[in-house]
Amino acid sequence: MSTTRPGSGDSGPEPGAEGATASRHTYSAPGAAVPTDPGPAASAPSSAAGIVDTPDAGDRLDARGRRTRRLSFRDATGIVPLARDFTRQALRAWGWLPASGADQRAAAEDVLLVVSELVTNACLHAEGPEELWLGCDRKVLRIEVSDRGAGQPAPRTPHRAGRPGGHGMFIVQRLCLDWGVIRTPGLPGKTVWAELGSP
C-alpha cells in the first residue's frame, strides 16, 4: 500500500523494474532497473540552462535516455567525501559545474547536500551504503542510494531546527522535487531515491 504527499515527480520504479514495489515515502528501488549495458551513447543538444546533454566517457545511457553513473562503496573508506567527489565529477561532466550563475551554483550545492544526507543516513541507520547511482536528463537529476537496512527513512517530526541531528530527511524533503524508497520483495535492503530539478 502506498502513501503519498502532494508533489510532482516519479513515484515508483523505473520502467522494467519488475518485482520492485515503490511509493513516495512508503518505501520500496529503481536501482535494479538501471541497465548494465545501456548501448552506445548518442549525443543530444545542450539545454538552454547550459546543462550538457552529450554523454561523457564516464557516462552510460539508461533505457530512458538519461546519462547515468554508478559508484560502489564496497571496501571503501571515507564514504561521504567519496560520494561528494564522485557527484562533483558527474556535475562537471554534465555541465552543472563550474556554475555559470547563482541559480546553477545553488542547484549544484543542493545536489551535493542531498547526496551527503542520503549517504550519511545509510551510514548511520542502514548498515552502510552499497551503491550511489546518479541519473540526469534535461529536467531532473535523480540520486539513488542503495543500502542493506530495513528501516524506513522519514523526516523527524516535529522538526526542531535548533536540535542537533535528525535533519537529513527534512533537508531532502525541502530541497527535492520528490523522494521515496524502493524495496524489492524477497531481497534485503532498499534504495532511497530523490529528484532535483535542473537549474
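Note: hydrogens, waters and symmetry copies are ignored here, and every other heavy atom, side chains too, is used.
- S116 has its side chain within reach of R84: a pair of non-hydrogen atoms, C-beta onward, lies under 4.5 Å apart.
- For the pair L113 and L175, the tightest heavy-atom approach, listed with the atom from each and the gap, is CD2-CD1, 3.7 Å.
- When all heavy atoms of C123 and P129 are compared, the pair lying nearest together is SG-CD, 3.7 Å.
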Derivation of the side chain to side chain contact (heavy atoms under 4.5 Å, CB included) call for M169 and E117
CA-CA 7 Å; M169 294 314 294; E117 294 299 338; over 6 Å; no

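- Atom-to-atom distance recorded for I79:CD1 and T120:OG1 is 10.0 Å, nearest 0.5 angstrom.
- T191 contributes no side-chain N or O that, together with a main-chain N or O of V145, makes up a donor-acceptor pair within less than 3.5 Å.
- Counting heavy atoms from C-beta on, the side chains of R88 and L91 never come closer than 4.5 Å.
- For the pair L177/L196, no side-chain contact is recorded, criterion being any heavy-atom separation below 4.5 Å from C-beta on.
- Put simply, CD on E109 and CG on L97 are 8.5 Å apart, with the number rounded to the nearest 0.5 Å.
- In the model, D59 has a side-chain atom that pairs as donor or acceptor with a side-chain atom of W94 under 3.5 Å.
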Quick one, L61 with R67, criterion side chain to side chain contact (heavy atoms under 4.5 Å, CB included). Give me CA distance, side-chain angles, the key distance, then yes/no.
CA-CA 5 Å; L61 291 181; R67 291 154 302 155; 3.8 Å; yes

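- Considering every non-hydrogen atom in both I143 and V111, the closest pair reads CD1-O, 4.0 Å.
- Rounding to the nearest 0.5 Å places OG of S72 at 10.5 Å from CZ of F86.
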Take T68 and R60 through the test side-chain hydrogen bond (donor to acceptor under 3.5 Å, both in side chains) and record every step on the way to the result.
CA-CA 5 Å; T68 68; R60 291 181 173 258; over 6 Å; no

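- Nearest approach of L132 to F73, heavy atoms of both residues: N-CE1, 3.6 Å.
- Cation-pi check for R69 over W133 is not met; the charged atom does not lie both under 6.0 angstrom from the ring centroid and within 45 degrees of its normal.
- You'll find the side chain of D137 stays beyond 4.5 Å of the side chain of R64, heavy atoms only.
- Across every non-hydrogen atom of W96 and G197, the tightest pair is CH2-O, 3.8 Å.
- Between V140 and E195, the closest heavy-atom pair is CG1-CB, 3.6 Å.
- The local environment of CG in D85 is crowded, with over 12 non-hydrogen atoms from other residues, nucleotides or ligands closer than 6.0 Å.
- To the nearest 0.5 Å, the span separating CG on L141 from CG on L134 amounts to 6.0 Å.
- With respect to the salt-bridge test (charged N to carboxylate O, under 4.0 angstrom), the residues R148 and E130 qualify.
- A donor-acceptor pair is defined here as one N or O able to donate and one able to accept, closer than 3.5 Å; such a pair exists between the side chain of Q104 and the backbone of G95.
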